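Let me begin by presenting the structure, written as structure tokens, before commenting on it.
Values in this document were obtained by computation on a predicted structure and should not be read as measured data.
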Amino acid sequence: MIASPLLRRAAVAALAALAVIWPGMLSARAQAQPREGLSRTSPSGSYLAARHAGGQRDVAAAAAYYRAALRGDPGNNELLGRTFLAVLANGEVDEGVKLAERVLQVDKNDSIARLILGVRAIKQKQYPVARRELAQSIRGPITDLAATLLSAWTMANPTEAKRATDSIDKLAGADWYAIFKELHAALILDLAGQKKEAAKRFERSYKLDPTTLRVVQSYGSFLSRQGNNADALKVFAAFEEALPRHPLIVEATNELKAGKKLPLMVDTPQAGAAEVLYGLGAALGRHGGEDLGLIYLQLSLYLAPSHPLALLSLGDLYEAIKKPELANKAYERVLLNSALHPYAQIQFALNLDSLDRTDEAKASLEKLIAANPSDLEAIMALGNVLRGRKQFAECADVYSRGVDTISKPEKLNWVIYYFRGICFERAKQWAKAEADLKKSLELFPDQPHVLNYLGYSWIDQGINLDEGMRMIKRSVEQRADDGYIVDSLGWAYYRLGNMDEAVKQLGDAYWRVERVLEARFQWSHARDLKPEPEDLVKIEAKLKSGLPDDTGPAAAPAEHTLQRRDQLERLRD
């Protein structure tokens with residue numbers, strides 16, 4: 001039997017209490033064992049396996065093992081709580097509802113269980129039931145906001161809209177609550193047909209942050225439906241200036257220019273509730289709350305299974321915790337007619353590459369490019385895959401296909417010239433590389449990574465020494481906390497024979513001035529940065545034996561130059 005049962009209290013909403021349910025891949029053991037096999041495992045064995053799976057962020061296996069343990073020990077309240085959270089994190093919300101009812105028999109004040117039952121009631125359009133359940137889930141800094149907004153959406157109709165917005169306005173909380181409150185109040189009033197009040201709320205939400213995608217989308221849509229396409233286009237243009245080429249903004253802009261009115265972004269209370277859960281889940285996932293964020297995103301998809309942004313946020317979250325297979329399962333669910341489908345397919349291919357299924361990744365990206373030869377994002381992704389695999393001549397060719405799609409280069413295009421320049425340089429086509437790096441700086445003057453790469457390349461070749469050093473120093477001024485860029489400055493001094501300056505950063509330089517302990521510290525740091533295997537061998541040789549006697553400043557270590565550039569490339573990705 002497992003150790004003494006513990007009742008889960010409201011604190012389970014806190015992130016720390018959810019640490020055992022990290023999402024992840026289904027373990028080989030859980031995949032191989034049928035449910036009957038798991039049931040024959042002792043409850044304590046299943047519990048230990050579940051804890052291990054949770055520690056590996058393998059939520060599917062954790063859910064399976066917790067479920068098996070609970071069958072063997074159904075009266076164990078700790079197991080019940082852990083199983084409940086695990087199945088929710090795994091997206092099994094219908095089973096989570098059943099477990100929530102059992103949890104509430106043990107602790108009627110459990111906030112997550114009340115939240116789940118409230119969401120289920122919204123899906124069933126049982127709005128009074130939903131409000132009753134949600135009223136009992138307000139017990140923490142996230143669940144209070146979620147419950148208030150979800151309850152408000154159950155009143156998104158002409159007779160109750162004021163009551164809904166009053167409840168939102170009464171909620172006090174952190175400063176970041178404001179944008180959620182204003183946006184959802186606006187959406188509710190818009191759906192309820194109260195356009196004048198909706199306009200005020202949309203304007204307030206937009207002033208809070210004119211770069212929040214859903215604020216911009218909903219405000220632009222509202223303006224369009226009021227016959228104000230000109231102002232809607234201005235809202236979208238401002239967003240485009242800050243965050244270029246977002247597919248949803250491009251799509252909306254094109255529809256407006258075609259003379260169309262944009263539809264409601266949220267057209268039912270259920271869709272509004274899904275929007276609440278998506279917004280909170282995405283925000284949590286981006287700011288270190290992956291566990292709770294996962295549950296909120298799964299609940300959003302329970303209400304709106306094809307919500308493209310919820311699916312992409314779920315994929316992002318899985319990528320952040322290094323579960324690319326699960327990310328790809330989310331990306332596969334993005335509908336073909338969604339403006340975000342091509343983006344999902346690009347991410348799908350990049351995850352295939354991360355799983356060492358590079359041929360499949362390349363084939364997938366080539367298929368996307370064949371369907372739309374001007375898809376610069378897909379072309380860039382293919383080039384990045386090839387560059388990451390050190391196929392430098394090939395990646396230069398792919399980036400060239402991307403450059404050919406650009407009729408008038410703009411600032412945002414600096415990166416494709418930079419990446420192509422890297423590929424040309426590594427393919428030993430320096431004249432082409434230099435031209436691309438200069439073009440990149442022409443588009444984005446003072447870009448620190450380009451300054452660093454071009455400046456060091458010149459110094460490494462013994463040309464344009466003063467200008468190269470000026471570039472590297474300017475790069476360091478902008479990125480003083482970037483170890484790779486600061487490292488370039490040290491190596492530039494080393495190449496120029498200025499050991500007093502070089503010694504401030506470099507292990508090899510420390511060795512040359514007989515500061516052995518500091519040299520070994522720098523080499524150890526380089527080893528810990530996970531260099532390429534061939535570079536790791538050389539670093540370990542230095543740690544073991546130091547530098548050979550015939551190595552001097554005029555022969556700066558080529559392996560370090562390549563290693564540093566590889567690291568810079570990975571950093572830029």
Side-chain angles (χ1 to χ4, degrees), residues 387 392 396 414-415 417-513 515 519 522-523 525-526 529 531-532 535 538-539 542 547-548 550-572:
R387 183 167 51 84
F392 296 115
W414 72 270
V415 70
Y417 289 97
Y418 171 55
F419 283 165
R420 190 174 69 167
I422 290 172
C423 293
F424 278 139
E425 189 269 336
R426 298 298 298 275
K428 303 187 185 309
Q429 298 184 60
W430 172 244
K432 292 180 178 179
E434 185 178 42
D436 270 352
L437 294 169
K438 287 181 176 179
K439 181 65 175 180
S440 184
L441 283 176
E442 176 187 325
L443 296 172
F444 191 167
D446 266 9
Q447 209 294 324
H449 291 291
V450 187
L451 287 173
N452 178 66
Y453 203 98
L454 179 57
Y456 187 85
S457 295
W458 278 342
I459 290 174
D460 195 42
Q461 296 175 55
I463 61 175
N464 301 329
L465 301 180
D466 292 340
E467 179 65 7
M469 183 59 80
R470 185 199 68 77
M471 284 183 168
I472 296 175
K473 287 180 177 179
R474 176 62 185 139
S475 179
V476 172
E477 286 174 8
Q478 298 179 73
R479 295 286 189 274
D481 58 348
D482 186 321
Y484 302 119
I485 287 177
V486 174
D487 175 77
S488 292
L489 181 60
W491 275 101
Y493 280 126
Y494 183 35
R495 287 287 287 144
L496 295 173
N498 188 339
M499 300 303 289
D500 288 340
E501 291 296 328
V503 78
K504 296 176 181 177
Q505 280 88 28
L506 304 175
D508 286 23
Y510 276 131
W511 184 270
R512 289 294 165 208
V513 294
R515 293 168 65 172
Q522 293 294 334
W523 290 333
H525 182 60
L529 289 173
E532 298 296 328
D535 295 325
K538 294 170 184 176
I539 292 169
K542 292 178 184 179
L547 292 177
D550 60 352
T551 299
E559 73 270 14
H560 181 88
T561 303
L562 296 181
Q563 176 193 340
R564 179 182 59 77
R565 289 180 181 171
D566 286 343
Q567 290 166 339
L568 276 172
E569 292 167 37
R570 287 197 295 272
L571 180 67
R572 182 68 194 94

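- For the pair R387 and F419, the distance from NZ or CZ to the six-membered ring centre is under 6.0 Å and the angle to the ring normal is within 45 degrees.
- Of the possible polar contacts, none joining the R426 side chain to the F392 backbone as a donor-acceptor pair under 3.5 Å is found.
- Considering every non-hydrogen atom in both A433 and G421, the closest pair reads CB-O, 3.2 Å.
- Atom-to-atom distance recorded for R470:CZ and W458:CH2 is 8.5 Å, nearest 0.5 angstrom.
- The NE2 atom of H449 sits 9.5 Å away from atom CD of Q478, with the distance rounded to the nearest 0.5 Å.
- A donor-acceptor contact closer than 3.5 angstrom links the side chains of E425 and Y453.
- A donor-acceptor pair under 3.5 Å links the side-chain atoms of Q461 to the main chain of S457, judged by distance alone.
- Scanning for side-chain contact (heavy atoms from CB on, under 4.5 Å) contacts around Q429 gives F424, A427, K432, with sequence neighbours left out.
- Looking only at side-chain heavy atoms (C-beta outward), I472 and Y456 come within less than 4.5 Å of each other.
- Under the 4.5 Å side-chain criterion, counting only non-hydrogen atoms from C-beta, K438 is not in contact with V450.
- Going from atom CG of L451 over to atom OG of S475 covers 6.0 Å, rounded to the nearest 0.5 Å.
- Annotation: salt bridge (Lys or Arg N to Asp or Glu O under 4.0 Å) contacts of R474 (sequence neighbours excluded): D446, E477.
- Here D436 contributes atom CG and R420 contributes atom CZ; the two are 4.0 Å apart, rounded to the nearest 0.5 Å.
- In this structure the side chain of L441 reaches within 4.5 angstrom of the side chain of L454, judged on heavy atoms.
- For the atom pair I459 CD1 and W491 CH2, the distance stands at 13.0 Å (nearest 0.5 Å).
- The OG atom of S488 sits 13.0 Å away from atom CE of M471, with the distance rounded to the nearest 0.5 Å.
- The closest side-chain heavy-atom distance from Y417 to L443 is below 4.5 Å.
- Contact of the L489 side chain with the M469 side chain is registered, since non-hydrogen atoms from C-beta on lie closer than 4.5 Å.
- Between W414 and E442, the side chains place no donor N or O within less than 3.5 Å of an acceptor N or O (distance only, hydrogens not considered).
- For E434 against N464, the heavy-atom pair with the smallest separation is OE2-ND2, 4.2 Å.
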Evaluation steps, side-chain contact (heavy atoms from CB on, under 4.5 Å), between Q447 and N452: CA-CA 9 Å; Q447 209 294 324; N452 178 66; over 6 Å; no

